[in-house]
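The structure under discussion appears below in the form of structure tokens.
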Amino acid sequence: AQSVTQPDIHITVSEGASLELRCNYSYGATPYLFWYVQSPGQGLQLLLKYFSGDTLVQGIKGFEAEFKRSQSSFNLRKPSVHWSDAAEYFCAVGAGTSGSRLTFGEGTQLTVNP
Amino acid sequence: NAGVTQTPKFQVLKTGQSMTLQCAQDMNHEYMSWYRQDPGMGLRLIHYSVGAGITDQGEVPNGYNVSRSTTEDFPLRLLSAAPSQTSVYFCASRLQGARAPLHFGNGTRLTVT
């Protein structure tokens, strides 16, 4: 069965600083990988996804992520964080027939200091 | 375009009561799913459906039933509520195929006393 680990429960950065959120996955085949963001009281919104090809993928709101098969990682990055980026971030891996079963990590809560 | 609509937004139940969480989508998505979100545990898949008349169990199906009689609706039934089912529940849908992104509702916060 697939699994996802987000090692950092809570990260605090200053506005304008760079950001990297870690994600490690476990899956036997080539995974489908996603990053979602959740603002308070809201559902989740897709930031970006990886299926194959170029290992550096661009997403919305200036986010990018890099797939590293050798490290089983899919870390999310942003060069300069804005106060509006404060939210909870979830990494997820898809598996099963047509990726029917999506497994989420525990989430990383991001706080942005002014 | 309403997207994925969940009702109610909040619900308090007593142990042993039953209820149905409603989920409707207007995007003609074949795939629909229910997740529960608990602190420190991320989202866990309860049940999912790949089309009308087809449902399957996810990671934590015990205590929950689903049915899919139409493409638009995917209700989640709690047969006999327990305090362990206190959680935030999210419905999500997408087009068929793993490459399509999931669209989430805004959640239902359920408390079982």
Side-chain angles (χ1 to χ4, degrees), chain A residues 1-10 21-27 29-53 57 59-60 63 65 87-109, chain B residues 2-7 9-10 21 23-25 27 29-51 54-61 66 68 74 87-109:
Chain A
Q2 71 274 17
S3 66
V4 178
T5 301
Q6 293 179 245
D8 305 305
I9 296 173
H10 193 182
L21 303 183
R22 296 184 291 165
C23 172
N24 295 101
Y25 69 90
S26 174
Y27 184 58
T30 299
Y32 301 136
L33 295 163
F34 307 82
W35 274 100
Y36 284 84
V37 61
Q38 183 182 32
S39 298
Q42 302 292 315
L44 279 69
Q45 179 186 20
L46 180 71
L47 281 176
L48 47 78
K49 57 189 178 184
Y50 171 80
F51 298 120
S52 63
V57 294
I60 62 172
F63 285 92
E88 189 156 22
Y89 292 79
F90 292 92
C91 182
V93 59
T97 303
S98 300
S100 296
R101 301 171 73 95
L102 194 62
T103 299
F104 285 83
E106 307 90 337
T108 297
Q109 183 69 47
Chain B
V4 179
T5 302
Q6 291 184 236
T7 56
K9 293 187 187 303
F10 302 94
L21 307 185
C23 176
Q25 53 89 12
M27 298 172 283
H29 286 171
E30 300 95 338
Y31 178 91
M32 296 186 74
S33 55
W34 278 100
Y35 287 86
R36 59 177 288 172
Q37 183 179 26
D38 302 290
M41 303 187 75
L43 281 81
R44 292 180 292 170
L45 182 63
I46 304 171
H47 285 284
Y48 66 96
S49 168
V50 297
I54 305 169
T55 63
D56 204 350
Q57 295 181 351
E59 183 184 355
V60 288
V66 292
R68 184 94 179 269
F74 191 45
S87 188
V88 181
Y89 292 84
F90 287 98
C91 179
S93 71
R94 61 166 168 80
L95 293 170
Q96 204 65 277
R99 296 170 184 257
L102 276 174
H103 295 255
F104 282 83
N106 285 335
T108 295
R109 183 175 295 274

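Sequence lines set the chain letters: A, B, ... in the order given, protein chains first and strands last, and positions in each chain run from 1. Quick caveat: nothing in here was measured; it's all calculated off a predicted structure. Because only heavy atoms are used, hydrogens play no part in the values below, and waters and symmetry mates are left out as well, while side chains stay in.
Ring geometry for B:Phe104 against A:Phe104 counts as perpendicular: the plane angle is over 60°, on a 0 to 90° scale with 30° as the lower cut.
Between A:Phe34 and A:Phe51, the ring center distance clears the sub-6.0 Å criterion.
Only the backbone of B:Gln57 has a heavy atom closer than 4.5 Å to any heavy atom of chain A. With a threshold of 4.5 angstrom between heavy atoms, A:Glu88 approaches chain B through side-chain atoms but not through N, CA, C or O. With a threshold of 4.5 angstrom between heavy atoms, A:Leu44 approaches chain B through its backbone and through its side chain. When heavy atoms are compared at a cutoff of 4.5 Å, B:Gln37 approaches chain A solely by way of its side chain, counted from C-beta outward. Only the side chain of A:Gln38 comes within contact range of chain B, with at least one heavy atom under 4.5 Å from a heavy atom of that chain.
Comparing B:Gly105, B:Pro39, B:Gly40, B:Gly42 by how many heavy-atom pairs each has under 4.5 Å with chain A, the most go to B:Gly42. Counting heavy-atom pairs under 4.5 Å between each of B:Ala100, B:Gly107, B:Gly58 and chain A puts B:Gly58 at the top.
Using modelled atom types, one finds no donor on one side chain facing an acceptor on the other under 3.5 Å when comparing A:Thr5 with A:Asn24.
Around CZ of B:Arg44, the count of heavy atoms belonging to other residues, nucleotides or ligands within 6.0 Å exceeds 12. The 12-atom threshold is not exceeded at CD1 of A:Ile9, counting heavy atoms of other residues, nucleotides or ligands nearer than 6.0 Å.
Annotation for B:Gln96 and B:Glu30: closest pair N-OE1, 2.9 Å, computed over non-hydrogen atoms.
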